[in-house]
Amino acid sequence: MKYGDLTVTKLSKLSGVKPWIVKRELDFLSKSGYIDLIEGSRSTIVKLNYSNQKVIILMNLLQEIEEL
C-alpha cells in the first residue's frame, strides 16, 4: 500500500529477500486472490487486489494501527 504497484525486483530490494523467494511467495498470494501479477516482457508488476474483501479489511486494520 505504501509504495503502490511494484516490480518483483523492487519488492525484493525493499524487503531484502532474494527475488526467487519473493516470486514464489507472490505466486501463492496471486493464487489466493490477494494480489494480481501483471507479466510484462521484462518484468512482473505486483498489484494489490482491491476487490478482495480480506485485502480491504487488512488495509483498514493497518490504517488504524498507523493512526495510533
Side-chain angles (χ1 to χ4, degrees):
M1 286 181 349
K2 182 177 180 179
Y3 297 103
D5 301 343
L6 295 171
T7 63
V8 173
T9 304
K10 180 74 174 175
L11 185 57
S12 173
K13 287 179 182 176
L14 287 171
S15 64
V17 178
K18 294 180 182 186
W20 66 271
I21 296 173
V22 171
K23 180 71 170 126
R24 182 185 67 196
E25 299 301 318
L26 292 174
D27 286 339
F28 172 77
L29 291 172
S30 177
K31 289 176 185 172
S32 299
Y34 299 116
I35 62 169
D36 294 320
L37 295 176
I38 302 168
E39 302 280 340
S41 60
R42 299 185 69 200
S43 62
T44 301
I45 306 283
V46 181
K47 295 179 75 166
L48 282 174
N49 181 357
Y50 293 107
S51 63
N52 185 316
Q53 188 66 28
K54 291 179 182 177
V55 172
I56 295 169
I57 292 169
L58 181 58
M59 285 176 29
N60 291 337
L61 176 63
L62 291 173
Q63 288 173 349
E64 289 290 327
I65 290 172
E66 222 173 59
E67 292 174 6
L68 292 178

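- For R42, there are no side chain to side chain contact (heavy atoms under 4.5 Å, CB included) partners at least two apart in sequence or on another chain.
- L14 and L29 end up in the same hydrophobic cluster when Ile, Leu, Val, Met, Phe, Trp and Tyr side chains are linked at under 4.5 Å.
- Linking Ile, Leu, Val, Met, Phe, Trp and Tyr whenever their side-chain heavy atoms come within less than 4.5 Å puts L48 and Y3 in one cluster.
- Between L37 and V46 there is a side-chain heavy-atom pair separated by less than 4.5 Å.
- Looking only at side-chain heavy atoms (C-beta outward), L26 and L11 come within less than 4.5 Å of each other.
- For E66, there are no side chain to side chain contact (heavy atoms under 4.5 Å, CB included) partners at least two apart in sequence or on another chain.
- When all heavy atoms are compared, the tightest approach of N52 to Y34 is ND2-CD2, 3.7 Å.
- Here NZ of K47 is found 5.0 Å from CG of D5. Values are rounded to the nearest 0.5 Å.
- Partners of L58 under the side chain to side chain contact (heavy atoms under 4.5 Å, CB included) rule, at least two apart in sequence or in another chain, are L62.
- Enclosure of atom CZ in F28 is not indicated, since only 12 or fewer non-hydrogen atoms of other residues, nucleotides or ligands lie within 6.0 angstrom.
- Shown here are the side chain to side chain contact (heavy atoms under 4.5 Å, CB included) partners of T7, two or more places apart in sequence or in another chain: T9, K10, S43, I45.
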Output a table of donor-acceptor pairs, distance under 3.5 Å, between side-chain atoms of residues 16-24 and any protein atom two or more places apart or on a different chain; print 'none' if there are none.
{"from": "K23", "atom 1": "NZ", "to": "D27", "atom 2": "OD1", "distance (Å)": "3.1"}
{"from": "K23", "atom 1": "NZ", "to": "E39", "atom 2": "OE2", "distance (Å)": "3.4"}

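- In this structure, CD on Q63 lies 11.0 Å from CD1 on I65, to the nearest 0.5 angstrom.
- Looking at residues two or more places apart in sequence or on another chain, you find no salt bridge (Lys or Arg N to Asp or Glu O under 4.0 Å) involving E67.
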